[in-house]
Protein chains: 2
Amino acid sequence: MTTALPKPKKETRIQREKREVILEAALDVFAVHGLRGATLDKIAAAAGMSKPHVVYYFGSKDAIYTTLLESLLERWLSPLKDLSPDGDPMTEILTYIRRKLQMSRDMARESKLFATEILHGAPRTADTLSGDLKALVDEKAAVIAEWSAQGKLAPLNPHHLIFSIWAMTQHYADFDIQVRAILKPASEDDVFDEAEAFLTTLFSRSLRPEAAE
Amino acid sequence: MTTALPKPKKETRIQREKREVILEAALDVFAVHGLRGATLDKIAAAAGMSKPHVVYYFGSKDAIYTTLLESLLERWLSPLKDLSPDGDPMTEILTYIRRKLQMSRDMARESKLFATEILHGAPRTADTLSGDLKALVDEKAAVIAEWSAQGKLAPLNPHHLIFSIWAMTQHYADFDIQVRAILKPASEDDVFDEAEAFLTTLFSRSLRPEAAE
DNA sequence: TCATTTTTTGACCATTTGGATAGAAATGCA
DNA sequence: TGCATTTCTATCCAAATGGTCAAAAAATGA
């Protein structure tokens, strides 16, 4: 993001493209090897350019990693942001689950990137977690709690409900190796179709207002 | 590693103790930094001995990691192994969930170790996953399916049920940083007590026979 | 066109790190 | 006690790796 103060200096087309190629290649490498396991050589090879060239565009391996994390965060959280207090409660939550599962299917590398980061202590995401992310989750948890209070959903701890949706949907991306080793599915799609049916059943049974005891 | 053929050579007490100290220290380091991020120096420092000494007992960093993985696997899977076809279905499953959650509380480092391993492609666990683990899961899934067929549980894809239990319980160990950043709990225990209540409610509602639609 | 800027890389460097060597200290055993 | 084995570490080495440098090649603009 150009600070625009000394030199607005529009980013050239070639710069935008090269940075994009590097980020794409780095995502591949980081998702498989993690930050420490990824090397500039591997990233450069995956991007089809020399190592100094990669450094020329980003300055350091760490900068690539940080840039990736930041640029993905927005897209990563958008399904939760879209959960609307004005919609039908059950529909809103089931839609959120489906969209999150869809992201595990389409953005498995990104999911693994975040998972590794948090697993290793989130050294460069800690602020976001207890700042923006906490605020977002608290806001949506309040929406869900309100739905429960109005009798539109069975009562269920809303924070843990959100955690459980994260855990279960991301599981299919982060631990895909294990899931596939056990299910031995004919196609990748089978897993996600089954998962969607399972999650829909699980949560609709638990959240139907009559389900309360 | 003595091949044990020419000399059975009973392991001395000091050997057993030192190896134990090293494994304990290595678990600390691997859980935080992953295989690549962990260095022999860090492990040696954590174990309170010199680097060559660590190598003397295990031969290589990789050997320590592999030994850890193997020696933990048994304990890791024991709660699922104990799920008995002869017990009360709902009790068996809720007990399994509670024991698995207990393990996330007491063995967070081990959970992170496995998570990182699988996340990065399970290069040295792939055989176990599609062999012993698959067999175990298939066996227990069959038990659950049978319970459903007998009308003792609401029908629910048993494989995905097991996945969901893994995902949700391990989430509290693997992503503890994120969970704590959002909940800001007064004590660690609060999180797990809430989680146990949540999971019990979620699964008992979904599995009660009447819950089927 | 030709000077200037940007893009690209081969060669190189310093640090980190896994691990080997050799020998010192401790221990066990006759 | 004295020899053999085990335990332990200081030191060193080679490979891997993040990053620099100088200079070539390509693009840009007057």
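By convention in this document, chain letters (A, B, ...) are assigned in the order of the sequence lines, proteins followed by strands, and residues within each chain are numbered from 1. What you see is a predicted model, and the numbers here were worked out from it, not measured in a lab.
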**Complete:** Per atom distances to the B/Lys51 side chain, the nearest of C/dG18, C/dA20, D/dC8 is C/dG18
**Proximity to DNA chain D (any heavy atom under 4.0 Å), residues of residues 24-42 of chain B only** = B/Arg36
**Prompt:** Does any donor-acceptor pair link the side chain of A/Lys61 with the base of D/dG19 at a separation under 3.5 Å?
**Reply:** no
**Prompt:** Tell me: CD of B/Glu17 to C1' of D/dT7, nearest whole Å?
**Reply:** 13 Å
**Asked** Does NZ or CZ of B/Arg19 lie under 6.0 Å from the centre of the six-membered ring of B/Phe58, at an angle within 45° of the ring axis?
**Response** yes
**Request:** Return yes if some donor-acceptor pair links the side-chain N/O of A/Ser204 with the main-chain N/O of A/Thr200 below 3.5 Å, else return no.
**Result:** yes
**Prompt:** When all nucleic acid strands are considered with a 4.0 Å heavy-atom cut-off, which category describes B/Lys18: base, sugar-phosphate, or nothing?
**Reply:** sugar-phosphate
**Asked** Taking CZ from A/Arg19 and P from C/dT8, how many angstroms apart are they, rounded to a whole number?
**Response** 13 Å
Between side-chain atoms of residues 32-53 of chain A and protein atoms elsewhere (two or more places apart, or another chain), which donor-acceptor pairs fall under 3.5 Å?
unit_1: A/His33; atom_1: ND1; unit_2: A/Val29; atom_2: O; d: 3.4
unit_1: A/Thr39; atom_1: OG1; unit_2: A/Lys42; atom_2: N; d: 3.0
unit_1: A/Lys42; atom_1: NZ; unit_2: A/Gly37; atom_2: O; d: 3.1
unit_1: A/Ser50; atom_1: OG; unit_2: A/His53; atom_2: N; d: 3.4

**Prompt:** With sugar-phosphate meaning primed atoms plus P, OP1 and OP2, does A/Tyr57 contact a base, only sugar-phosphate, or nothing at under 4.0 Å between heavy atoms?
**Reply:** sugar-phosphate
**Prompt:** Between A/Tyr56 and A/Pro52, which is nearer to the 5' end of DNA chain C once each is assigned its nearest nucleotide?
**Reply:** A/Tyr56
**Prompt:** Tell me: NE2 of B/His53 to C1' of C/dT21, nearest whole Å?
**Reply:** 16 Å
